[in-house]
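Lettering follows sequence order; numbering is per chain, from 1. For clarity, every value in this text was computed on a predicted model and none was experimentally measured.
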Amino acid sequence: MATLKWRVKGWKSSKFVRVLQTNAFNQTQQIIRKTTTSSTQIPSQLDLPLHFRVTNLNEASGFYISLIQQSKSAEEIRKIQTHMTNHSFPHLRLGNKLLDAYLRLGSLGYAHQLFDELPQRHVVAWNAMISCYIRQRRSAEAVSLYKRMALEGVCPDDFTLSSILKAFSDLGLVFDGQKAHGKAVVFGLEISNVFVGSALVDMYAKLGKMRNAHLVADRVVEKDVVLFTTLVVGYVQNGEDGKAMQAFYQMISEGVKGNEYTFTSLLVSCGNLKDLCLGNLIHGFIIKCGHEFGISSQTSLLTMYSKCGMVDDSLKVFEHVLNPNLVSWTSLIVGLAQNGREEVALSKFCQMIRSSVIPNCLTLSGALIACSSLAILDQGQQIHTIILKLGLHLDKFIGASLIDFYGRCGCVELAKPVYDSLFNRDLVIVNTLMYAYAQNGFEHETLELFQRMKAMGLEPNDVTLVSVLLACGNAGLVDEGIHIFDTFVGKCNIQITKEHYACMVDIYGRAGRLQEAESLINEVGNPDIVLWRILLTACRLHGDITMVGRILKKVAELSPGDEGSLVLSSNIYAAEGNWSQVIGVKSLIWGNGLKKSPAMSWVSIDGEVHTFMAGDFSHPRFKEIDYIIKELMKKVKEFG
DNA sequence: CCATGAATGC
């Protein structure tokens, strides 16, 4: 026995109702007296005729519908369904309603059972099933239903099309999408129905066909916010931020007002373009339209400000967020970590934990980035513990962040187990470990991993190349480095950056092949100043002063009075005893009013930070430290 | 009776 609470609007206990009972073959009327209404004991086989006197089909349908709508569980719906079936109640509309109720309560099993039992599956029933699968991102099942529907001779309508298109873009089924588009055109829905129009725009955008998306959008007769926003989002996600702004402009010039969705997408563009001016403009629009206290607007605003390098403005926006959620905390923490405000990022991370917001993969990788930059092992390990507790250690972003973090802290032995624990080692994961090896002087391991990449079915990219060249430089493998570099330069999918040139200059330079290093820099269009500094370092290493003057001239063209190069040059001249040149360079330094900014290093021991500066002897244990350093230097010299 | 768009990362 189960209790089903009924509270049906407008029904009184004394009222008599007629339910017209029909089945597929004959229609008979039964007059049933209704005895109770407000709360009724229902046998497991719900037996409505005991309680009802039915006179009118519409009223009975309405009663069933009310029952269905008020049901809180699939079991209740099931009883109503059983009752309807027992009394051969007409199914067409109510069947759809039942189906919809099952789907909303997440009971796909019952829904499917009912769907298969329906004597005639109306297009609405198909739509309800398809849209449910779409909502659950089960695109393949949605598509197979759509195809089955065609086989059963049911024609898709505007609802069907507006749902199913998402599945096509999700699965990359361009051809099916185009066929559906064809149907939309034939039915005239492409231009007359904004739902279909928006869905088409969305599909083409997700398939990367922005030209088609924009063409469809232009054809829709009554354009609304959603249509335009879909278009804007499409441009943003395809990296065409300028076009996104143009679409927005088209939108406001057609008199359509933006909403929070529109502004959040536009702000992503401003961030990508690093266009603070545009960002401020959108900020103005947001205030004007009254969305400034919407949490998504605020989050997007603070992200935009961090991407434009204005972290203080991000912090200001964050202060106005009433109840920061996971996303707003995460955006703030990541923004701070990426803008050199690692300490603040970590303190915000702690605040977030204290306000009992549970971090996710993004938050944790942001916090790890902060720990990486600061190279603080213990705090990062605490975060590692949180990651393990939350069971997020297999996430590839987290994995990469952890490997990178341990690499930067100099603990390759801790990075390797993280790598080993990951199942899917994609290019990024392998690159991260390779870089961890390369920067810690594990040349052999770096190159071995590079060799193994091909067997893993991974195509090396520009990041891989940096690690490989770094390793070759450290291992003194000059010819090997040059060979690998040359084979990569030919490949079209690899962008050679200043980082690679820096590695190559270093490789040549360390090997004493200074001429080749110099001509390589000269080959680079618009060379970075760092390249010349690396060459200067190589000149110092080999005690070669012949090209120092030439280099200084080049540097002066690029960046007059670059203190780093000048200081390096004067050191080279000094080491070779060429004092007149030393004075020449020093006078340049003094003449430009340059001052070498003090170099500082620091180390954190038991939570206390010890800082050291050149010429600073104030540390309480300076003598011990100085002695140990001298001993270490002796040993280093012994080993060459 | 059934359908539209978003903010955070290696």
Side-chain angles (χ1 to χ4, degrees), chain A residues 61 65 68-69 92-101 103-104 122-132 134-135 156-166 189 193-203 205-206 220 224-234 236-237 258-268 271 294-304 306-307 325-335 337-338 359-369 372 395-405 407 426-433 435 463:
Chain A
S61 294
I65 287 174
I68 293 168
Q69 279 172 353
L92 194 73
R93 285 199 167 188
L94 280 170
N96 295 336
K97 198 76 199 168
L98 280 171
L99 191 64
D100 183 48
L103 294 172
R104 268 176 216 295
H122 189 251
V123 64
V124 171
W126 289 99
N127 290 347
M129 293 295 289
I130 289 173
S131 70
C132 178
I134 298 285
R135 270 199 302 274
D157 66 359
D158 44 346
F159 285 84
T160 327
L161 290 175
S162 60
S163 317
I164 196 67
L165 292 169
K166 206 193 270 290
L189 295 168
N193 186 304
V194 261
F195 286 97
V196 175
S198 307
L200 280 168
V201 172
D202 183 58
M203 178 187 74
K206 299 236 162 83
V220 176
D224 67 353
V225 216
V226 178
L227 181 82
F228 275 116
T229 306
T230 312
L231 190 63
V232 169
V233 170
V236 176
Q237 285 175 349
N259 62 17
E260 229 184 318
Y261 286 97
T262 328
F263 293 128
T264 50
S265 314
L266 288 169
L267 285 170
V268 175
I295 184 121
S296 340
S297 303
Q298 290 174 321
T299 307
S300 314
L301 273 171
L302 77 86
T303 311
M304 182 275 292
S306 343
K307 285 202 178 150
N325 63 14
L326 175 60
V327 182
S328 34
W329 276 116
T330 304
S331 302
L332 182 74
I333 291 164
V334 172
Q338 286 174 341
N360 69 2
C361 298
L362 287 81
T363 331
L364 291 162
S365 77
L368 274 175
I369 292 170
S372 290
D395 178 85
K396 65 173 186 170
F397 288 105
I398 289 283
S401 305
L402 278 171
I403 295 169
D404 186 58
F405 162 70
D426 65 5
L427 184 61
V428 178
I429 300 285
V430 177
N431 274 346
T432 313
L433 184 66
Y435 188 69
V463 180

Visitor: Report which part of the nucleic acid A:C361 touches: base, sugar-phosphate, or nothing (heavy-atom distance under 4.0 Å, all strands).
Guide: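 If one applies the 4.0 Å heavy-atom cut-off, A:C361 turns out to touch a base.
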
Visitor: Base, sugar-phosphate or nothing for A:I134? Non-hydrogen atoms, less than 4.0 Å.
Guide: nothing

Visitor: Counting just side-chain N and O atoms, does A:Q338 come under 4.0 Å of either OP1 or OP2 of B:dC10?
Guide: yes

Visitor: Considering residues at least two apart in sequence or located in another chain, which fulfil the side-chain hydrogen bond (donor to acceptor under 3.5 Å, both in side chains) criterion with A:S306?
Guide: A:S314

Visitor: Between the side chains of A:T160 and A:D157, does any donor sit under 3.5 Å from an acceptor?
Guide: yes

Visitor: Name the nucleic acid region contacted by A:V428, choosing base, sugar-phosphate or nothing; use a 4.0 angstrom heavy-atom cut-off, strictly under.
Guide: base

Visitor: When the distance from CD1 of A:I403 to C1' of B:dC10 is rounded to whole Å, what number comes out?
Guide: 9 Å

Visitor: Treat primed atoms plus P, OP1 and OP2 as sugar-phosphate and everything else as base, then score nucleotides 2-7 of chain B 5' to 3': B for base contact with protein heavy atoms under 4.0 Å, S for sugar-phosphate contact only, - for none.
Guide: BBBBBB

Visitor: Between atom CG of A:N325 and atom CD1 of A:I295, what is the distance when rounded to the nearest 0.5 Å?
Guide: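 A:N325 CG to A:I295 CD1: 4.0 Å, rounded to 0.5 Å.
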
Visitor: Rounded to whole angstroms, how far apart are CG on A:L362 and C1' on B:dG9?
Guide: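 Rounded to whole Å, this separation is 4 Å.
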
Visitor: Could you work out, with side-chain hydrogen bond (donor to acceptor under 3.5 Å, both in side chains) as the rule, every residue matching A:T229, not counting sequence neighbours?
Guide: A:T262

Visitor: Measuring from atom OG1 of A:T230 to atom CG of A:D202, what distance do you get when rounded to the nearest 0.5 angstrom?
Guide: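 Separation between the atoms: 6.0 Å.
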
Visitor: Quick one: which of A:V428, A:I398, A:I429 gives a side-chain contact (heavy atoms from CB on, under 4.5 Å) with A:I403?
Guide: A:I429

Visitor: So what does A:D395 touch, heavy atoms closer than 4.0 Å: a base, only the sugar-phosphate, or nothing?
Guide: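 Here A:D395 touches the bases of the nucleic acid.
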
